Each structure stands twice: as structure tokens, then as C-alpha cells.
Amino acid sequence: MDKSPATAAIKTIQQHILERQRLHHPEATGEFSWLLGAIALATKIIADQVRRAGLVDVLGSTGDINVQGEEVQILDVLANETIARCLGYHDNVGIMVSEEDDEPRILKESEKAEYIVLFDPVDGSSNVDVNVSIGTIFSILRRREGVAAGRVMDHILQPGHQQIAAGYVIYSSSTVMAYTTGDGVHMFTLDPAIGAYRLSREGVTMPPVGKTYSINQAYYNVFPDGVQKYLEWVKSDEAGGYGLRYIGSLVADFHRTLLKGGVFIYPPTRKAPEGKLRLLYEANPLGFIAEQAGGTATDGKQRILDKTPTALHERTPLVIGSKAEVDHVLSFWRP
Ligand code: AHG
Ligand code: MN
Ligand code: MN
């Protein structure tokens, strides 16, 4: 952490990416750092809109229902279009997938457009109306080789361990971006004075244990038996004093879990037998980050990153966090 801002060197996200690339991928063309730069720019624009919520017209719902069957917030649409505009300038982004779009957007047809970027443009969007932390989540894949022309889904439906990068931004008391390219997790804080993301934590590690669990307890009656048993145990004397925190924005609940340890659980429910969260642009990117920080992510049956997606907006149960805490959940719940 930057202890003495007056004298400490200032490292922006762009400088950091270029530096790591030179170190680990000297053959890289720099294209990839441009792509992360475009994502950073989009999130700065979104952060600005979030900060002015209440002053400009970004609060509330559009009145539409998206492909997920959920109410679309005005900010969802603004953020989605902001991201599409920022990515559209880059020749190397071929396909954009978003929670807010029924179908993938083909930005560039050429093979040179090798990257596929998947987004949850605004995570926790219904929280924006009440000034609670929200976020943006992203995942980056590379086009597959040998796929026949026009078979767009074959490029997109790759298991999470194929991600070449993933990250999120949390719009909160400060705006923080975390990303990984498989070389640890690094965090940047948006400095509003200069409009740049500055390195604030390098090589973030998730505590291996943490006495916080995060779940929507109101669904207790519609959770599987095993999850109910875990919820009884976690409150018992034997468990030894856990606390419950649930913000209701995955990014925010995950960010806390990453820094403080603990476990976040979104199990299947009677109404949503596959859970609520989306594999491609929620569970996969956060799973990648959790693992890179020494934590773990599972759907109860298998590692999130090993799941082969079969649909764009596929949902998955998610148990993510400190290893020991995820194991506690699995010792009661084995679907
Ligand atoms: P989104 O706003 O992108 O649709 O995501 C909302 C998600 C996620 O952020 C959060 O963890 C979850 O919804 C909360 O769901 P419940 O209200 O069912 O607990
Ligand atoms: Mn979401
Ligand atoms: Mn969303």
C-alpha cells in the first residue's frame, strides 16, 4: 500500500500491465494492455455516472425485463453501451458478451480480433438506488483455433480455466479495480484527482480462514438440506463465533471475502435449481481471481473453472472464498 503518497512512486494500471508483460511475456505486442486500458476507461466513465447518481438521470428501472427475466436498471443500459463503445475502438476485440445482451455482439469479424470480452456491466444494479456498493465484472478469452467460420458460440463457451484475464471494479467509498492474468491478483484505486487507477495492492492473497459467511439466509427453507445443515452449524457454539455479512452485490461481498477471508454462498434454491449467478461473467472471473489469491470456488460438485458452459447466460451455484471455509460448507453439502 502507498504509505507516503508524497514520495512513493506512482504506478498506474497501464504502467503495471506493461511492466508485468515485459517481465513475463516479452514477446507480447502490447495489444492486450490496450484492451485492459479500454476496460479501465469504460469503468472510469461508469464510476463517474455512479458518483453523480441522483444528480443525473441514472437511477431506477427502464421498465424492461432482460433475457435473465430481471428488471433492467437505467444504469445497466448506460454501462453496457459505455463498455461497447470503449471496446469498439479496438481492432483486437472480436466478440463482446454481456449480461444485458440476449446474443453476443460481433464487434470485428477478422481473425486479428482475437479477444472475447465477457461482462456483467453493473453487478448489484438494484443497489444503486440506495447508495450501496455495486461493481463491474469482466472475463477475457482468446478465440479458439480451428473453429469453422460463423460458429461464434464455439469461441465463447470455453471453461473458465481458459480465461487469459479477469477482473472487477467496485464502485464504493473508493473505486477499486482488481485484475489477474494468471500471475497473482493486483488492485488499483481510482485517484479522482488525476483520473487514473493507481496501484494499491500487488499480489493480493486471500486469508486461508475467515469467520464471515455471506448468504441470503431468507431463502433458508428453499435451500438444499446440506446447506441448511451448514447454516445450523455455523451458528453453533462448536463453530466458534462466525459473523454474517450480506450486501447483495456479488462484487462487494466477494471483495470483502477476498481481503478478509470467509465464504460467499449462492446455492441452488427450489425456485432456481441452478442458482442465480451466471457462470461466464460472474462465477468464472471471480473464481479465477479467488484461485489466483489462494482461495477456491466450486459449484458444490466441481471446480467452477472446470465447468464446460453450454449456454451464454448459464447459471451456476457458487461457493467461493477461503479454502477452509469452502471446505466447511462442502462437509455438510455434497450435491
Ligand atoms: P445483477 O445486478 O448483475 O443482476 O446481480 C445481482 C446478483 C448479485 O450481485 C448478488 O449476489 C445477487 O444478485 C443477490 O441475489 P439475492 O437478492 O437473491 O440474494
Ligand atoms: Mn451480477
Ligand atoms: Mn448486472
Side-chain angles (χ1 to χ4, degrees), residues 17 28-46 62 64-70 72-123 125 135-169 179 181 277-286 288 305 307-316:
I17 295 163
T29 56
E31 289 284 305
F32 182 67
S33 48
W34 277 107
L35 169 54
L36 278 180
I39 295 175
L41 173 64
T43 63
K44 281 189 229 175
I45 297 171
I46 299 169
T62 62
D64 294 330
I65 301 292
N66 70 10
V67 65
Q68 325 282 330
E70 284 152 10
V72 179
Q73 307 293 313
I74 294 172
L75 192 61
D76 287 325
V77 178
L78 282 174
N80 201 30
E81 294 314 316
T82 301
I83 291 166
R85 265 184 12 240
C86 290
L87 291 182
Y89 293 124
H90 287 264
D91 285 345
N92 57 9
V93 182
I95 304 168
M96 170 176 157
V97 171
S98 165
E99 180 191 9
E100 302 306 330
D101 296 333
D102 300 4
E103 300 292 335
R105 293 193 197 194
I106 312 298
L107 300 180
K108 302 262 167 18
E109 297 276 6
S110 100
E111 286 207 356
K112 240 189 77 202
E114 59 178 325
Y115 297 117
I116 303 160
V117 191
L118 305 96
F119 278 99
D120 180 353
V122 182
D123 174 64
S125 54
T136 295
I137 313 176
F138 64 91
S139 159
I140 303 177
L141 297 165
R142 209 188 290 276
R143 281 168 73 95
R144 277 178 161 158
E145 302 212 342
V147 170
R151 296 201 48 98
V152 174
M153 288 310 246
D154 290 359
H155 289 296
I156 298 170
L157 300 179
Q158 301 187 44
H161 61 74
Q162 303 276 34
Q163 292 172 100
I164 57 169
Y168 66 84
V169 173
Y179 87 93
T181 55
L277 300 173
R278 277 54 59 110
L279 176 60
L280 285 173
Y281 42 81
E282 291 183 316
N284 271 344
L286 298 187
F288 190 16
L305 299 189
K307 288 179 74 124
T308 302
T310 55
L312 203 60
H313 299 290
E314 178 170 335
R315 295 174 193 264
T316 178

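Quick caveat, the model's predicted, so the values are computed rather than measured. Values below: all heavy atoms of this structure, side chains included; hydrogens, waters and symmetry mates excluded. Numbering of residues begins at 1 and proceeds along the displayed sequence.
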Looking at R142, is its backbone amide N or carbonyl O close enough to the side chain of Q158 to form a donor-acceptor pair, meaning the two atoms are under 3.5 Å apart?
yes
State, yes or no, whether a side-chain contact exists between L312 and P104 at a heavy-atom distance under 4.5 Å.
yes
Min side-chain heavy-atom separation I95-L107 under 4.5 Å:
no
About how many Å separate CG of L78 and CG of D76, when rounded to the nearest 0.5 Å?
9.0 Å
Quick one, I83 and I45 - any side-chain contact, counting heavy atoms below 4.5 Å?
no
Straight-line distance of F32 CZ to T181 OG1, nearest 0.5 Å
6.0 Å
Sub-4.5 Å side-chain heavy-atom contact between I164 and Y115
yes
What is the distance from atom CE of M96 to atom CD1 of I156, rounded to the nearest 0.5 Å?
11.5 Å
Distance alone, cut at 3.5 Å: any donor-acceptor contact between the side chains of S98 and N80?
yes
Spell out, as yes or no, whether a donor-acceptor pair under 3.5 Å connects the side chain of Q163 to the backbone of N284.
yes
Which heavy atom in P121 sits nearest to a heavy atom in E100, and how many Å separate them?
CG-CG, 4.0 Å
Got more than 12 heavy atoms from elsewhere within 6.0 Å of CD, E103?
no
Flag, side chain of K108 to backbone of G88, donor-acceptor distance under 3.5 Å:
yes
Is the distance from the ring center of Y179 to that of F138 below 6.0 Å?
no
For the pair T136 (side chain) and Y168 (backbone), establish whether a donor and an acceptor sit closer than 3.5 Å, ignoring hydrogens and angles.
no
Check step by step if side chain to side chain contact (heavy atoms under 4.5 Å, CB included) holds for L118 and I137.
CA-CA 8 Å; L118 305 96; I137 313 176; over 6 Å; no
Check side-chain hydrogen bond (donor to acceptor under 3.5 Å, both in side chains) between E81 and all other residues, then give those that pass, not counting sequence neighbours.
R105
Looking at Q73 and S125, what are the two nearest heavy atoms and their distance?
CG-OG, 3.5 Å
Quick one: closest heavy-atom pair of E99 and D120, and the distance?
OE1-OD1, 2.7 Å
What distance do H155 atom NE2 and E145 atom CD have between them, rounded to the nearest 0.5 Å?
10.0 Å
Determine the minimum heavy-atom distance between A79 and I46, stating which atoms define it.
CB-CD1, 3.7 Å
Ignoring hydrogens, what is the shortest heavy-atom contact between D102 and H313? Give both atom names and the distance.
O-NE2, 3.4 Å
What distance separates E282 CD from F119 CZ, expressed to the nearest 0.5 Å?
13.5 Å
How many angstroms lie between atom CH2 of W34 and atom CD1 of I17, to the nearest 0.5 angstrom?
11.5 Å
So, does T316 use its side chain to make a donor-acceptor pair with the main chain of L279 at under 3.5 Å?
no
Please report the closest heavy-atom contact between L280 and P285, naming both atoms and the distance.
O-CD, 3.5 Å
